[in-house]
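First up is the structure itself, then whatever we jot down about it.
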There are 2 protein chains.
Amino acid sequence: MDKKTPPRARRDDSLSRERIIDAAIAILDQDGERGLTFQALSAHLATGPGAIYGHIANKADLLTAACDAIVARAVTPDAPGATPQAAIRTLALAIFDAMDAHPWAGAALIQAGGKMPVVRILESVGRQLGALGVPEAARWAGVCALVNYILGVSGQNAANAQRARTECAERGAFLAAVSAEWSQLDAVQFAFTRSMAGQLRAHDDRDDFLAGVDILLRGLAARY
Amino acid sequence: MDKKTPPRARRDDSLSRERIIDAAIAILDQDGERGLTFQALSAHLATGPGAIYGHIANKADLLTAACDAIVARAVTPDAPGATPQAAIRTLALAIFDAMDAHPWAGAALIQAGGKMPVVRILESVGRQLGALGVPEAARWAGVCALVNYILGVSGQNAANAQRARTECAERGAFLAAVSAEWSQLDAVQFAFTRSMAGQLRAHDDRDDFLAGVDILLRGLAARY
DNA sequence: ACCTGAACACCGTTCAAGT
DNA sequence: ACCTGAACACCGTTCAAGT
């Protein structure tokens, strides 16, 4: 993905892919995905909108690159003494927290297919699964399950954080609103969802997220 | 979400929320999400773009509603004699196939938060988890893990199908391209991903998807 | 009450002209 | 070689005017 890294030195304040990505992240953090405009971006960089296309292909490319910067920061080298299980839990939590801090990255990451940011996570989880003794033939399914769970739940949580930010004053009020919606569902057709409405308001997102990771790890352990 | 169901009869060919959603699905299936334009939609319905806003709130609302129609068709009532495990596998495959047939729904579903289409899946999985004997306190984590896995992997698969459709002639060529990209990654930093490049090209998406569902079910069974 | 469709305020992207 | 910024071809949404 990163094939056209600029090969030679550049003037101090000249445009660069890196400077553009940093500016994009700053805008995304402040105003969300809708705020990231080539107008806003070029103003932030004190240049014209056309100049940006010298360094990035298009808006999708920019979003994936911004995402990759966030993920690269979150995927730190493994602590030397940790068990594979502990390393996976640490990685999962790092992604969860990064998505919570940069909610726009959740949606972008899921659209990114087999691209760089996802590959980083894949790689890190895959190594630990190897250390865990999962045989090579079964590793693909295990990695898929774990990575998709991590991306899915973190992304969902990020989407909630974003909706809470735009629709309600605070996160608690938002969860209460969804909980109230669920309580008004048909009592027969949606009995289970209604029964979960209370837990939705009370639960701790991070705890529940980790509980799911443990279910997956237990499933893998039960097999091998 | 569906609170303003039209309460009274309407002329045969007059606009209705349902007719709009059907037209939207037809356009999405044919031209993808980028093809769904209020221009194209109103042309398809032989009306002006403004008329649509009498029945739907905005484009996001329309997309969620279209998604819900797809999911509602896929989530069929459980077969009477089936075990909970079998019912969950059947549901998971139905979602997977629906997303594969309507790739745009994958992305839309993930953005839909605690809304109707997701609730349908939540409800169906939750019931089976109850039948499986998972105690109420642990059901939330279990449902989260399963639903997110199903949505995540199906969505990823749908995104691949969509990228394959637009970037390459056929699906095999697309997977080969991603596989080739992975093979060119750094041998030390991305050793695991490189080792998976072969499997990526050879694997059967549906089989691997089901294998992941089984890992989750086994993890839940190991605990309760 | 509902539809019509021109108009509005944007948006991503391009490209001739500058330096 | 790189930046500039006007211009292009759109887009979702609104709203006065019609029926």
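Protein chains get the first letters and strands the later ones, always in sequence-line order, with residue 1 at the start of each.
- The A:Leu15 side chain lies nearest to D:dC3 when the options are D:dG5, D:dC3, D:dT13.
- Separating the CZ atom of B:Arg34 from the C1' atom of D:dG12 is a distance of 15 Å, rounded to the nearest angstrom.
- When the nucleotides C:dC11, C:dT4, C:dT13 are ranked by their closest atom to the side chain of B:Thr47, C:dT4 comes out on top.
- A donor-acceptor pair under 3.5 Å links the side-chain atoms of B:Thr64 to the main chain of B:Ala60, judged by distance alone.
- Nucleotide C:dC3 holds its P atom 13 Å from the CD1 atom of B:Ile56, rounded to whole Å.
- With hydrogens and angles ignored, the 3.5 Å screen pairs no side-chain donor or acceptor of B:Thr47 with any backbone N or O of B:Ser42.
- C:dC2 atom C1' lies 15 Å from atom CG of B:Leu45, rounded to whole Å.
- Between B:Lys115 and B:Asp68 there is no salt bridge, since none of the side-chain N atoms of the basic residue sits less than 4.0 Å from a carboxylate O of the acidic one.
- Below 30°, between 30° and 60°, or above 60°: for A:Tyr53 and A:Phe38 the angle between ring planes is below 30°, a parallel geometry.
- Using a 4.0 Å heavy-atom criterion, one finds that B:Leu36 contacts the sugar-phosphate atoms exclusively.
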Would you write out the dot-bracket form of DNA chain C, 5' to 3', with Watson-Crick and G-U pairs under 3.5 Å, [ ] for crossing pairs, | for pairs to other strands and . for unpaired bases?
-> ||.|||||...|||||.||

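- Counting only N and O atoms by type, the side chains of B:Gln199 and B:Asp208 include no donor and acceptor under 3.5 Å apart.
- Looking at A:Gln39, its side chain never comes within 3.5 Å of a backbone N or O of A:Pro49 through a donor-acceptor pair.
- Taking the six-membered ring where tryptophan is involved, the planes of B:Trp140 and A:Trp182 are tilted, since the angle between them lies from 30° to 60°.
- For the pair B:Gln39 CD and C:dG5 P, the interatomic distance rounds to 11 Å; values are reported in whole Å.
- If you take CD1 of B:Ile52 and P of C:dC2, they are 16 Å apart, rounded to a whole angstrom.
- Nucleotide D:dT14 holds its P atom 8 Å from the CG atom of B:Asn58, rounded to whole Å.
- Ranked by how close their nearest DNA chain C nucleotide is to the 5' end, A:Ala60 and B:Ala51 are led by B:Ala51.
- Nearest nucleotide to the A:Phe38 side chain, out of C:dA6, D:dG12, C:dG12: C:dG12.
- Summarising the geometry, the separation between OH on B:Tyr53 and P on D:dC15 is reported as 12 Å, rounded to the nearest angstrom.
- Atom P of nucleotide D:dC11 and atom CG of B:Asp31 are separated by 12 Å, given to the nearest angstrom.
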